[in-house]
Every structure is written in structure tokens, then in C-alpha cells.
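Here is the structure we will look at.
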Amino acid sequence: MSEVRTRFSPSPTGSLHLGGAHTALFNWLIARHFQGAFVLRIEDTDKERSKEEFVTEILDAMGWLGLNWDEGPYRQSERLPIYLEYIDHLLAKGAAYYCDCQPEDLKMRREAALARGEKPKYDGRCRHRNLKPGPRTAVRFKGPETGVTRWHDLIKGHIAFDNQELDDLVILRTDGIPTYNFAVVVDDITMRITQIIRGEDHIPNTPRQIQIYEALGAELPGFAHMPLMLSTDRGKLSKRRGAKSVLDYRERGFLPQSLCNYLARLGWSHGDQEIFTREELIQYFTLEHATTSPGVFDEEKLLWVNSQQMKAMPPAALARELTPFLARIGIEAPEQEYVARAVPTLSARCHTLVEMAEAARFYFQDPRPYEEKGAKKFLTAEAAPILQEVARRLESLPEFSEAAINQLFHDLAAETGLKMVNLAQPVRLALTGRTASPGLFEIINILGSPETLQRIKTAISFAAGNT
RNA sequence: GUCCCCAUCGUCUAGCCUGGUCCAGGACACCGGCCUUUCACGCCGGCGACACCGGUUCAAAUCCGGUUGGGGACGCCA
């Protein structure tokens, strides 16, 4: 029947942070779930703080997360004539009025009210003065003085505000630019938004916006207020409190699907399921299972989700994701097929692509210098003949495969009576420079015979001289 | 200060609407064990919560009221 239309409307006064991504994701998921439309709108009416570079950054972050939009990005700054038209309409109806109270005055009156222990709201001074427009006049919305404004929130349920609690808000500033609460309503009406999903910090704005809808004679959309994302100290996530930009997470080696998975599960659930593909998220996501209480952002869990998502990814795709991180540590343009073979040996051991690149290093570079403690323990003069023997047998291995290598080591252990650890660790050091690494046999198999042999020989000379 | 929202393990949550199946389930983290060529993964086990008080009821995590606690909002910011 009627198409579901949601929107995300960031203001470009900073980059897209986790809280914004959370809101964007919920809106996107609802639009996709109901096969509706997702609209992107840039709320840039604050000329002072809005910056074009932030628009670029936000779009970049949205694209990375895979939150594609069907319409927009619209910009409020380009829609001024539309807002003005609606302002005139309200003025003509007597639902708005001019006000010449000056900001400094207003501020004083607010502070005085607060000092008296009252709610610091506008006193309605100009409401009945019938002022004409002038150079220093703003336009205020004339809200109802009695009664109750209520709505059924799609997440929180019934919410009601006494109209007495609300004051007449400015809808058009002296500089001729509409304020947020007004522009949003006009936009949401003209863009035919059907569900407004946003943070619960907007709950106090909602009754005001509803009144504007009503004054404009527009049909009300559904409102859904999501619980806020809190920082570890349980405060609102803000820059000061470590709210991080989405792009930071990309830098740190998180997969976009991990962030989406984690963010979706914060404030929503689908039984006991923790790991979701994008398709599953779209399939299952509705507001019915949205939760009502604020959630603390937990990076430990994000890390775990990321490791799970990495493991679930096809090797070739993971290899592609890893490549830029390899480049960062000096491994340029590696052969994709080779990376794809290495990646499955690493994915169970890493939480981020940054970690994985580091762990993959030995596949591409000289493993030296050897980890000091390990070398001291395993690359000793006594180990040299063992390495010698491993090399000899490897060289004459008829078929170079993981199974054959496995057999080779087990035979050697059985024949020499050596414990596998004492056999494997020197070789591991020789090949990776570390005492901890992926399985030895898979490493040898991936590295290939010539490279393996050469590394072992290098280690033999090292071990021989290590007394 | 006023208004609004929220309240289950340290954290994310299931259960709550439609009371009994819940001396509360899952996940992260933490601890122990198993597996094992190392480190991980994985598997098994442990730790650990219905904020409090009162009411309704044969029966309350679930319904009602209050208290406390937490969060948010009170701009010619968004």
C-alpha cells in the first residue's frame, strides 16, 4: 500500500560518529525491510558550524557502511524558499507571530526563571502584540496554551506532554533562516517521510513538531525514539567522552558489516542470535523488537563481532579487504591469490585487519629478527641438526602438500623420539620469527618449498652460532 | 529547578504486552578444563542479574502505585 519512507538527516558539524551511524542504520534497515525508500538530507541551516568537508566525510562513511540512499542528499540550505512559503502560511493563519525580543534579553529572562526554580521557557511577551516584520524580528510559532500533546511512540509507547510545558519557539530567525524544529517538519512533510526514527534526545522536540504538523494540516508520521548510546561511564556519547568517528573504525581495521552487526544489536535483538549477515538484518529488522533502555557501547564486543565476521568472509573477499592494510606496513601489491591462501590461516587469530596485516607479515617478508626469547630457547646449536634433517626430508618430499608435510613431521618425531613441540618450534621460529603462529604445516604449504628451505637454512646458520 | 524517558548478570540482551513452563536463557568479558606442533578457533564447565518498598493475585521478572537510581531536554544549535 503506502510506501515506507525513512530518512537520516545529519548536520555537517562533524564527522559521522557511532551514534549517528546507529540512527542511520535503524532508518536504513526499516526502509530496506519494508522495501521502502531511504532519504538522506543534510541539515545545514547552522551556517556557522556547517562545513562542506563534513558533508563529504559523512557521505564517505555512509558509503563505507553500505547505507545507500534512494533520494538525496537534499540540503536544507537549498530549500529556503519552501520553508518561507510555509512560514507565510502559518503567519496568514495566525498560527505564528513576529517577535522582537532580543537574544540577550531572552537569555537574561531564561536565567532569571531558572534561578527562580522555574522552567526557562519563553514568556509569550510578543504573542499578542501584532508586530509587523522588521529588521530585528523573528517569527515564533503560536502553540496551544492548554491541553495535551500525545503520540504513540513506535518504540517507547505512549508519551504525553502538557502543552503548558511548551513555549512558543522561534521558527524563523532574524537572518531569515528557519530553525531546526520547523525545517524538519516541512522537510518531512514534503519528502513524505512515514516513520521518523531518531535518538530519544529528540523526544522533547516531538510535541512541538506535532503541533506544527497540525497547524499545517499535515498527516502525522510515525515517531520512533531510539534509546541513546552511552559511553562506558554511562554518559551520552560525545566527542569529549570518546565518541569516535565511523571512519576511525575503518582505519582501525573493522569491517563495515561488523559495525552494522554490532550497532544493530545495540537496541534491538532477534532472539539469541548475535551474528547477522546484512541480508538477515534486513529480513529480521523491525521496531517491534527494539529495546527501550539506553545501551553502553562496548568495544570488546565489537572486536569479537569483527573477528566472527572476518571468519565468515570468503577468503578472496577478505584478502581484498586486507590488502590496503598490508600496504600500510610496506607490503605493496601482493598477489591476491597468495593473500587469499594466507588469510584463512589468520582469521581465527585476529580481531581486526590491522592485527591481521601484522600477523601476515612473515608470509611476505624475511621473518628476522627472530623473537629474542624464542630464538634463545629454540634456535640453539642443538636445534641446528634437527632443522638440517627437516630441510633434508622436505627437499626430497615427492608431493608437497599439507597432508604430506604433516606426515613428514610425525614420522620424524616417531623416528627420533623427539616431542613434536621441540620439532615444530625451531621450524616455526625459522619460518615466522615467532613462537606463536598459524599451524606449521599450513604455513609450509603456503610458503612453498624453495622459500621454506631457504628460511630454514638461514635459521640453521643462526642456530649454529647461537651458543 | 521543571518536564520527559528508562530500570534483568560488569556490558549487550531473551523473557514482560497475552502472570504459573524462569530458584531467569543466550552473548561479550573474566576464571577453570578439554582439544593441540605454538598462539588462537572450537567445545565443556564456572562466576554473575529480575534496583527497592508496597499493592493486586492461589501465583509477579512479568500487572498497578510509590521510592531510589540513571539518562535526556529545557537556544534566533541541530
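Owing to the predicted nature of the structure, the values given are computational and were not obtained by experimental measurement. Note on naming: letters A, B, ... go to the chains in the order of the sequence lines (proteins, then strands), and numbering restarts at 1 for each one.
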Handout entry: Between B:rU13 (P) and A:Asn261 (CG): distance, integer Å
Key = 13 Å

Exercise for the section: Summarise protein proximity over nucleotides 31-53 of chain B in one line of letters, 5' to 3': B for base, S for sugar-phosphate only, - for none, counting protein heavy atoms closer than 4.0 Å. Expected result: ------BBBBSS-----------

Practice task
Taking atom P in both B:rC12 and B:rG72, compute the distance separating them and give it to the nearest angstrom.
Solution key: 15 Å

Problem - For the student: nearest non-hydrogen atoms of A:Phe161 and A:Pro204, plus distance - result: CZ-CA, 4.1 Å

Exercise for the section: Examine distances only and state if a side-chain atom of A:Glu53 and a backbone atom of A:Pro12 form a donor-acceptor pair shorter than 3.5 Å. Expected result: no

Completion exercise
Letter by letter from the 5' end, nucleotides 73-78 of chain B scores (B base, S sugar-phosphate only, - none; protein heavy atoms under 4.0 Å) SBSBBB

Problem - Integer-rounded Å distance: B:rC5 P and A:Phe161 CZ - result: 7 Å

Exercise for the section: Mind calculating the distance between CG (A:Leu230) and P (B:rA7) to the nearest angstrom? Expected result: 13 Å

Practice task
Round to the nearest Å and state the distance from A:Asp162 atom CG to B:rC5 atom P.
Solution key: 12 Å

Handout entry: Base partner of B:rC43, which must satisfy Watson-Crick or wobble distances under 3.5 Å
Key = B:rG33

Problem - Identity of whatever pairs with B:rU38 - Watson-Crick or G-U, under 3.5 angstrom - result: none

Fill in the blank from the handout: Numerically ordered, the residues 287-294 of chain A set in heavy-atom contact under 4.0 Å with RNA chain B is A:Thr291, A:Thr292, A:Ser293, A:Pro294

Handout entry: For B:rC22, the Watson-Crick or wobble counterpart (both distances under 3.5 Å)
Key = none

Quick test: give all pairs of protein nitrogen or oxygen and nucleotides 22-25 of chain B nitrogen or oxygen below 3.5 Å, distance rounded to 0.1 Å.
from   : atom 1 : to       : atom 2 : distance (Å)
B:rG25 : N2     : A:Asp272 : OD1    : 3.1

Handout entry: Centroid separation A:Trp151 to A:Tyr213 less than 6.0 Å
Key = no

Handout entry: Listed once per pair and sorted, the salt bridge (charged side-chain N to carboxylate O under 4.0 Å, His left out) pairs that draw on residues 434-444 of chain A, sequence neighbours left out
Key = A:Glu371-A:Arg434

Completion exercise
The glycosidic conformation of B:rC41, counting syn as within 90° of 0 and anti otherwise, is syn

Exercise for the section: For B:rA51 and B:rU8, measure between their P atoms and round to the nearest Å. Expected result: 6 Å

Problem - Pairwise P distance, B:rA14 and B:rA7 [rounded to whole Å] - result: 10 Å

Handout entry: B:rU56 pairs with, by Watson-Crick or G-U criteria that keep both distances under 3.5 Å
Key = none

Practice task
Output every pair passing salt bridge (charged side-chain N to carboxylate O under 4.0 Å, His left out) with a member in residues 288-310 of chain A, not counting sequence neighbours, ordered by first then second residue.
Solution key: A:Lys244-A:Glu299, A:Arg252-A:Glu299, A:Glu274-A:Lys301

Exercise for the section: State, without any angle test, whether A:Arg428 and A:Gln425 hold a side-chain donor-acceptor pair at a distance under 3.5 Å. Expected result: yes

Problem - Presence of donor-acceptor pair under 3.5 Å, side chain of A:Gln273 and base of B:rG26 - result: no

Handout entry: Nearest-Å distance for atom pair NE2/P, residues A:His158 and B:rC17
Key = 20 Å

Fill in the blank from the handout: Using Watson-Crick geometry (N1-N3 plus N6-O4 or O6-N4) or G-U wobble (N1-O2, O6-N3), each under 3.5 Å, B:rG1 is paired with B:rC74

Handout entry: Side-chain H-bond candidate by donor/acceptor type, A:Gln209 with A:Asp188, under 3.5 Å
Key = no

Practice task
Rounded off to whole Å, could you give me the CD1-to-C1' distance for the A:Ile275 and B:rC12 pair?
Solution key: 12 Å

Handout entry: Gap between atoms CZ and C1', on A:Arg265 and B:rU11 respectively (whole Å)
Key = 11 Å

Practice task
Would you mind pulling out the nucleotide paired to B:rA7, Watson-Crick or G-U wobble, both distances under 3.5 Å?
Solution key: B:rU68

Exercise for the section: Between B:rU36 and B:rG15, how far apart are the C1' atoms? Round to whole Å, please. Expected result: 39 Å

Problem - Residues A:Tyr180 and A:Ser11: side-chain donor-acceptor under 3.5 angstrom - result: no

Exercise for the section: Mind calculating the distance between CG (A:Leu266) and C1' (B:rC28) to the nearest angstrom? Expected result: 13 Å

Practice task
Can you tell me, in whole Å, how much space there is between the P of B:rG42 and that of B:rA27?
Solution key: 11 Å

Exercise for the section: For A:Ile155 and for A:Ser269, locate the closest nucleotide of RNA chain B by heavy-atom distance; then report the residue assigned to the nucleotide nearer the 5' terminus. Expected result: A:Ile155

